[in-house]
Visitor: 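Handing you this structure, nothing more for now.
On a predicted model such as this, the values are computed, not experimentally measured, just so you know.
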Amino acid sequence: MNDTLSLQTIFARTNVRALAAPLLIVMILAMMVLPLPAMLLDVFFTFNIAISIMVLLVAMYTRKALEFSIFPTVLLVTTLLRLSLNVASTRVVLLEGHGGPDAAGKVIEAFGHFLVGGNYAVGIVVFAILVVINFVVITKGAGRVAEVAARFTLDAMPGKQMAIDADLNAGLIAEDEARKRRTEVGQEAEFYGSMDGASKFVRGDAVAGIIILFINVIGGFVVGVLQHDMAVGDAAKQYTLLTIGDGLVAQIPALIISIAAGLVVTRVGSDRDMGEQFIGQIFRDPNVMAITAGIVGTLGLIPGMPNLVFLTLAGGLGTIAWKMKQRAALAAQTQPAQAARDTATSEPAEASWSDVAPVDVLGLEVGYRIIPLVDKGQDGELLRRIRGLRKKFAQDVGFLSSPVHIRDNLELKPQGYRITLKGVEIGAGEAFPGQHLAINPGRVNGTLPGRATSDPAFGLPAVWIDSGMHDQANALGYTVVDAATVIATHLNHVILTHAGELLGRQETQALLDHIAKESPKLVEDLVPKQISLATLQRVLQNLLEEGVGIRDMRTIVETLAEYAPRTQDPLELTSQVRVALGRAIVQGLFPGAAEMSVLALDPQLERMLGQAVATGGDGAGIEPGLADALLRHTANAARSQEDLGQPAVLLVPHALRWLMSRFLRRSLPQLKVLSHSEVPDSRTIRVTSLIGSQA
């Protein structure tokens with residue numbers, strides 16, 4: 001019984017919440033048609049003022065524009081509410097206005113008498129000023145900002161989508177996060193587009209307020225004189241005050257809503273609300289406060305000026321500046337003392353084996369300006385990206401790489417960094433925190449001012465720009481990333497390139513232990529009974545060096561178990577494993593069942609290379625002139641293949657695959673060499689270029 005009751009309660013609450021918006025719209029439309037008593041008008045006018053204040057406060061405490069994505073709809077509903085109240089109050093003013101100043105309710109009376117002192121001329125002037133402020137200044141400016149923001153947001157959408165895809169491909173974000181960011185990009189464009197249109201409602205409301213004012217004044221005068229036999233002066237004063245009160249009680253909430261709209265569209269994205277940004281950015285520099293205090297104090301000394309007010313304000317600002325400088329000086333004195341205590345050491349101890357520090361397998365050294373990106377205490381963005389990078393590497397490649405040891409290096413440039421493998425530098429670059437790197441993918445529509453450079457990971461032309469030019473760069477077609485993403489992408493590229501060197505004996509054993517949890521017998525029969533751990537490691541390294549992942553360890557282990565009794569040669573075992581993984585290798589290069597467009601060797605060249613393999617074994621017997629021509633022709637063919645949007649793949653006989661792969665790998669790392677044995681029978685092959693036919 002209780003369960004049934006609780007379900008009914010939840011269902012009822014859900015229905016009420018779903019019906020709230022339709023009921024509000026019906027109520028607004030009903031106020032335009034049905035006559036309302038003065039007391040009910042007071043309730044609705046008070047509700048309108050409360051709603052406008054709530055909207056303003058929500059806009060001030062919103063950190064991102066999309067947190068208040070319903071704002072354009074709220075703008076429309078509040079505008080309709082004000083207009084319907086104008087219609088309802090006009091009906092009451094014209095019907096009951098002859099009865100006295102409270103004929104249309106206490107709220108209109110208060111705005112018509114208390115706020116403007118019962119003077120209808122002052123009321124008209126105040127009303128006109130409020131309309132001008134709302135219509136000419138706030139609404140027009142907010143509408144223009146929303147229009148420009150919508151245009152730039154739409155132009156920047158392709159670049160933002162490319163940046164999201166780049167982060168996803170680099171392993172910096174997961175698929176769910178990428179989907180969430182894509183949704184936010186679309187919602188942002190829709191939001192500013194809606195705000196551009198919604199601002200027209202407020203402008204129309206201001207115009208309607210002016211027209212309604214004149215209609216009510218003239219209509220009330222006519223009704224009072226002709227229908228209620230009022231004196232001309234009394235009718236003009238009575239109905240004008242009521243109309244002014246009605247106009248003010250509608251225009252003040254409209255002004256508040258317009259201010260809220262301006263706050264939403266003009267704010268810059270930040271993790272802090274508007275109050276925190278205001279205090280933190282305007283009152284953070286004591287020199288500014290001191291100079292302001294001096295100028296205000298000087299003005300206060302001029303005869304005829306309100307000296308007490310100026311000098312009091314100058315004294316307050318000067319006191320604040322003095323306190324801020326004292327706090328900064330105290331902090332500056334404390335830091336050296338603390339550093340001295342930290343560096344004070346006792347008598348050096350005797351040397352021991354603990355002084356022998358092992359070399360980090362994978363290291364990242366940074367200059368001092370990059371330290372905030374890797375400082376856990378400052379919630380360094382780069383730390384989170386490196387964790388995600390290692391996780392994606394393990395998922396894609398098939399083993400867990402060594403942790404990245406991060407340390408500062410004062411010998412580097414302040415904004416420099418370098419990546420080390422077993423203590424040897426394998427990558428270096430520069431990153432400027434607070435700026436963005438605009439990378440030219442080859443199809444940009446203009447140039448950007450900034451520090452010209454190249455993408456450290458892939459060598460593409462790029463330029464470091466100020467963060468404020470982010471949207472402009474996206475609109476021009478650049479791929480824009482921050483400093484943390486630049487370092488993380490470079491690190492990911494280096495790790496993938498040197499995956500074979502990262503697979504050490506310890507990682508190989510850990511991989512075997514992981515497989516043994518599900519297939520203990522399979523691992524037990526292979527290592528060490530049939531092959532040694534060192535041979536298995538060499539086979540896996542051979543695969544990784546050629547960009548073949550080792551996720552399918554079951555197939556690898558089964559293949560090795562089959563061929564290990566015949567040979568212990570790591571190269572031969574690697575070739576057999578590649579044949580077993582052929583379907584996965586081809587699928588990675590040519591997804592789906594599409595036709596394979598590949599390069600091939602001329603038959604005469606194949607025979608010459610076959611003789612070189614037979615005589616030299618490792619290809620040392622290739623004549624130098626032939627080697628140079630082969631390398632040149634292969635490079636041209638691979639470049640033509642990439643220009644067509646196809647992967648550069650060379651298909652050769654099984655006996656030549658290892659020779660050609662090792663010979664071309666250093667000069668053409670993007671070229672993949674496959675053997676005929678690795679291609680599944682179901683795939684169709686089309687040779688686009690025959691290498692050696694023109695040699």
Side-chain angles (χ1 to χ4, degrees), residues 396-399 499-505 507-509 511-512 514-516 518-590 596 598 600-601 606 609-619 647 649-665 671-683 685:
D396 293 345
V397 178
F399 75 96
E501 298 178 63
L502 293 174
L503 183 69
R505 190 72 57 88
E507 288 79 14
T508 305
Q509 184 62 57
L511 183 58
L512 281 178
H514 177 70
I515 300 170
E518 296 183 357
S519 306
K521 188 63 177 176
L522 188 64
V523 175
E524 181 183 346
D525 291 342
L526 180 66
V527 180
K529 292 182 179 180
Q530 296 183 345
I531 63 173
S532 64
L533 183 63
T535 303
L536 174 62
Q537 176 191 357
R538 185 63 256 175
V539 171
L540 297 179
Q541 286 178 332
N542 290 340
L543 294 172
L544 293 171
E545 287 171 359
E546 296 191 88
V548 178
I550 56 174
R551 291 184 304 164
D552 189 6
M553 279 299 296
R554 185 183 184 89
T555 300
I556 295 174
V557 171
E558 290 177 348
T559 305
L560 292 175
E562 179 182 356
Y563 288 94
R566 308 176 194 176
T567 179
Q568 292 291 307
D569 183 8
L571 295 182
E572 181 60 30
L573 292 175
T574 304
S575 299
Q576 297 302 332
V577 170
R578 283 184 60 94
V579 173
L581 298 175
R583 190 181 303 276
I585 296 174
V586 172
Q587 183 71 23
L589 296 171
F590 300 95
M596 295 175 52
V598 300
L601 298 177
E606 283 186 2
L609 294 175
Q611 294 173 0
V613 171
T615 57
D618 58 353
V649 177
L650 175 62
L651 190 62
V652 299
H654 181 77
L656 296 179
R657 202 212 66 81
W658 172 250
L659 166 67
M660 295 302 297
S661 175
R662 199 180 69 154
F663 175 68
L664 299 172
R665 187 185 308 164
L671 179 69
K672 304 300 179 183
V673 182
L674 297 181
S675 73
H676 295 290
S677 304
E678 296 168 1
V679 179
D681 296 336
S682 59
R683 300 303 294 264
I685 300 174

Visitor: Is there a donor-acceptor contact under 3.5 Å linking the side chains of Gln541 and Glu545?
Guide: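 No, Glu545 and Gln541 have no side-chain donor paired with an acceptor closer than 3.5 Å.
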Visitor: Using every non-hydrogen atom in the two residues, find where Leu589 and Pro647 come nearest and quote the distance to one decimal.
Guide: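 Shortest heavy-atom contact: O-CG, 3.5 Å.
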Visitor: Are more than 12 heavy atoms from other residues, nucleotides or ligands located less than 6.0 Å from atom CZ of Arg683?
Guide: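 Atom CZ in Arg683 is crowded, with more than 12 foreign heavy atoms closer than 6.0 Å.
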Visitor: If you round to the nearest 0.5 Å, how far is CD of Glu524 from NZ of Lys529?
Guide: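 Nearest 0.5 Å value for the NZ-CD distance: 4.5 Å.
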Visitor: Taking Glu558 for its side chain and Thr555 for its backbone only, find out whether a donor-acceptor pair lies under 3.5 Å.
Guide: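 A pair under 3.5 Å: no.
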Visitor: Taking the side chain as everything from C-beta on, heavy atoms only, tell me whether Val579 gets closer than 4.5 Å to His654.
Guide: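 A side-chain contact under 4.5 Å exists here.
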Visitor: Please answer whether the main-chain N or O of Pro528 pairs with a side-chain N or O of Ser532 as donor and acceptor at a distance below 3.5 Å.
Guide: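 Pair absent, no side-chain N/O of Ser532 close to backbone of Pro528.
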Visitor: State, to 0.1 Å, how close Ala499 and Leu544 come at their nearest heavy-atom pair, and which atoms those are.
Guide: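 Minimum heavy-atom contact is O-CD1, 3.7 Å.
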Visitor: Just checking Arg665: does its CZ atom have more than 12 heavy atoms from other residues, nucleotides or ligands closer to it than 6.0 angstrom?
Guide: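 Result for CZ/Arg665: enclosed.
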Visitor: Is a donor on one side and an acceptor on the other found under 3.5 Å between the side chain of Gln568 and the backbone of Gln530?
Guide: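 Present.
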Visitor: Can a salt bridge be assigned to the pair Glu518 and Arg554 using a cut-off of 4.0 Å between side-chain N and carboxylate O?
Guide: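 Looking at Arg554 together with Glu518, the answer is no, because their closest N to O distance does not fall below 4.0 Å.
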Visitor: When rounded to the nearest 0.5 angstrom, what distance separates CG in Leu540 from CG in Leu503?
Guide: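 Between atom CG of Leu540 and atom CG of Leu503 there are 5.5 Å.
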Visitor: For Ser675 and Arg578, test the side chains for any donor-to-acceptor distance below 3.5 angstrom and give the result as yes or no.
Guide: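 Side chains of Ser675 and Arg578: no pair found under 3.5 Å.
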Visitor: Got a second to check how far Glu507's CD is from Phe399's CZ, nearest 0.5 Å?
Guide: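 Going from CD on Glu507 over to CZ on Phe399, the span is 7.0 Å.
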Visitor: Please find the pair of heavy atoms, one from Gly582 and one from Pro680, that lie closest to each other, and give the distance.
Guide: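 Minimum heavy-atom separation between Gly582 and Pro680: O-CD, 4.5 Å.
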Visitor: Does the side chain of Leu650 come within less than 4.5 Å of Leu601's, by heavy atoms?
Guide: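 In contact.
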Visitor: Roughly how far, to the nearest 0.5 Å, is the CG atom of Leu560 from the CG atom of Asp525?
Guide: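 Between Asp525 CG and Leu560 CG, I get 13.0 Å after rounding to 0.5 Å.
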Visitor: So, do Ile556 and Leu543 sit near enough that their side-chain heavy atoms are less than 4.5 Å apart?
Guide: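 Contact flag for Ile556/Leu543 side chains = yes.
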Visitor: Are side-chain heavy atoms of Val598 and Leu674 found at a separation under 4.5 Å?
Guide: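 No; the side chains remain at least 4.5 Å from each other.
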Visitor: Would you say Leu609 and Met660 make side-chain contact, with heavy atoms under 4.5 Å?
Guide: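 Sidechains of Met660 and Leu609: in contact.
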Visitor: Specify the closest pair of heavy atoms between Leu664 and Leu671, including all atoms of both residues, with the distance to one decimal.
Guide: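 Answer, listing the atom of Leu664 first, then Leu671: CD1-CD2, 3.5 Å.
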Visitor: To the nearest 0.5 Å, what is the distance between CG (Leu511) and CG (Leu536)?
Guide: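 Going from the CG atom of Leu511 to the CG atom of Leu536 covers 8.0 Å.
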Visitor: Output the distance between atom CG (Leu573) and atom CG (Asn542), rounded to the nearest 0.5 Å.
Guide: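 Result: 9.5 Å between the selected atoms.
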Visitor: Is any side-chain heavy atom of Arg657 closer than 4.5 Å to a side-chain heavy atom of Glu546?
Guide: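 Yes, side chains in contact.
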Visitor: Are Trp658 and Glu572 packed together at the side-chain level, in the sense that at least one heavy-atom pair is separated by less than 4.5 angstrom?
Guide: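 No, their side chains stay 4.5 Å or more apart.
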Visitor: Within the 4.5 Å heavy-atom criterion, are Val577 and Val548 side-chain neighbours or not?
Guide: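 Val577 vs Val548: side chains apart.
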Visitor: With a 4.0 Å cut-off, would you call Lys672 and Glu678 a salt bridge?
Guide: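 Between Glu678 and Lys672 there is no salt bridge, as every charged N stays at least 4.0 Å from the carboxylate O atoms.
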Visitor: Testing the basics here: between Thr559 and Ala580, what is the closest heavy-atom pair and its distance to 0.1 Å?
Guide: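 Closest approach of Thr559 to Ala580, heavy atoms only: OG1-CB, 3.3 Å.
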